[in-house]
Trainee: 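Take this structure, written in structure tokens, and hold onto it; I'll ask about it next.
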Amino acid sequence: MNSSDKYKRIWKTVQQIPPGFVASYGQIADLAGLPGRARLVGKALGFVPKEMRVPWFRVLRSSGQLAFAPGSQSAQTQKGLLQEEGVVVINNRVRLKDFQWQPDLAELLFKLEY
DNA sequence: GTATTGACTTCAT
DNA sequence: AATGAAGCCAATA
């Protein structure tokens with residue numbers, strides 16, 4: 001499995017996050033079958049082809065913090081996109097207790113087949 | 001081969 | 001709650 005296959009796998013997993021919910025980098029890595037590779041998820045999201053619509057903004061740190069520096073252009077963009085779908089962002093962070101995605105594993109694995 | 005780099009995580013202050 | 005060190009590990013160089 002080369003690195004580009006892993007990126008695709010990560011992108012497909014992120015595409016399963018429903019609007020209005022968020023997931024952590026580590027969580028995506030686990031779900032994509034790449035446990036311990038949270039940092040790889042971040043890298044992959046930086047390489048998303050723009051024609052492939054991937055909701056990168058629904059991915060946060062395990063603490064609920066946005067991965068970007070508060071006030072940065074990226075952080076503001078991410079905050080805006082999240083709030084558009086009803087996710088509350090306060091002080092650069094989201095309450096995971098309220099918005100964390102909890103996928104049905106069987107359904108997720110099925111979707112990743114495609 | 002070794003070294004560096006992260007859109008990270010966890011644990012200990 | 002905030003900060004920092006240590007751990008992490010594939011991808012790059």
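Just so you know, these numbers come straight off a predicted model, no measurement behind them. Throughout, protein chains are lettered first and strands after them, A, B, ... in sequence-line order, and every chain is numbered starting at 1.
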Trainee: To the nearest Å, give me how far apart CZ (A:R61) and P (C:dA1) are.
Mentor: 16 Å
Trainee: CD of A:Q16 to CZ of A:F110: how many Å apart, nearest 0.5 Å?
Mentor: 11.0 Å
Trainee: Do any side-chain nitrogens or oxygens of A:S24 fall under 4.0 Å of OP1 or OP2 in B:dT9?
Mentor: yes
Trainee: Have a look at A:S74 and say if it touches a base, only the backbone sugar-phosphate, or nothing, with a 4.0 Å heavy-atom cut-off.
Mentor: nothing
Trainee: Can you tell me how far C1' of B:dG6 sits from CG of A:L45, to the nearest Å?
Mentor: 13 Å
Trainee: When rounded to the nearest 0.5 angstrom, what distance separates CG in A:L96 from CG in A:L60?
Mentor: 6.5 Å
Trainee: For B:dT10, does either OP1 or OP2 sit under 4.0 Å from a side-chain N or O belonging to A:S62?
Mentor: yes
Trainee: For A:N91, I'd like to know if atom CG has over 12 heavy atoms of other residues, nucleotides or ligands within 6.0 Å.
Mentor: no
Trainee: At under 4.0 Å between heavy atoms, which parts of nucleotides 5-13 of chain C does protein reach? Answer with one letter per nucleotide, 5' to 3': B base, S sugar-phosphate only, - none.
Mentor: --BBSSSS-
Trainee: Could you tell me the separation between the CG atom of A:L81 and the CD atom of A:E84, rounded to the nearest 0.5 Å?
Mentor: 5.5 Å
Trainee: Take A:R58 and A:W101 through the test side-chain contact (heavy atoms from CB on, under 4.5 Å) and record every step on the way to the result.
Mentor: CA-CA 9 Å; A:R58 296 185 190 133; A:W101 178 41; over 6 Å; no
Trainee: Rounded to the nearest Å, what distance is computed from the CD atom of residue A:Q27 to the P atom of nucleotide B:dT10?
Mentor: 11 Å
Trainee: In this structure, how many angstroms lie between the P atom of C:dA1 and the CZ atom of A:R93, rounded?
Mentor: 6 Å
Trainee: A:Q65 CD to C:dA2 P: how many Å, rounded?
Mentor: 8 Å
Trainee: Roughly, in whole Å, what's the span from CD1 in A:I10 to C1' in B:dA7?
Mentor: 12 Å
Trainee: So how far is it from A:T13 OG1 to A:L34 CG, rounded to the nearest 0.5 Å?
Mentor: 8.0 Å
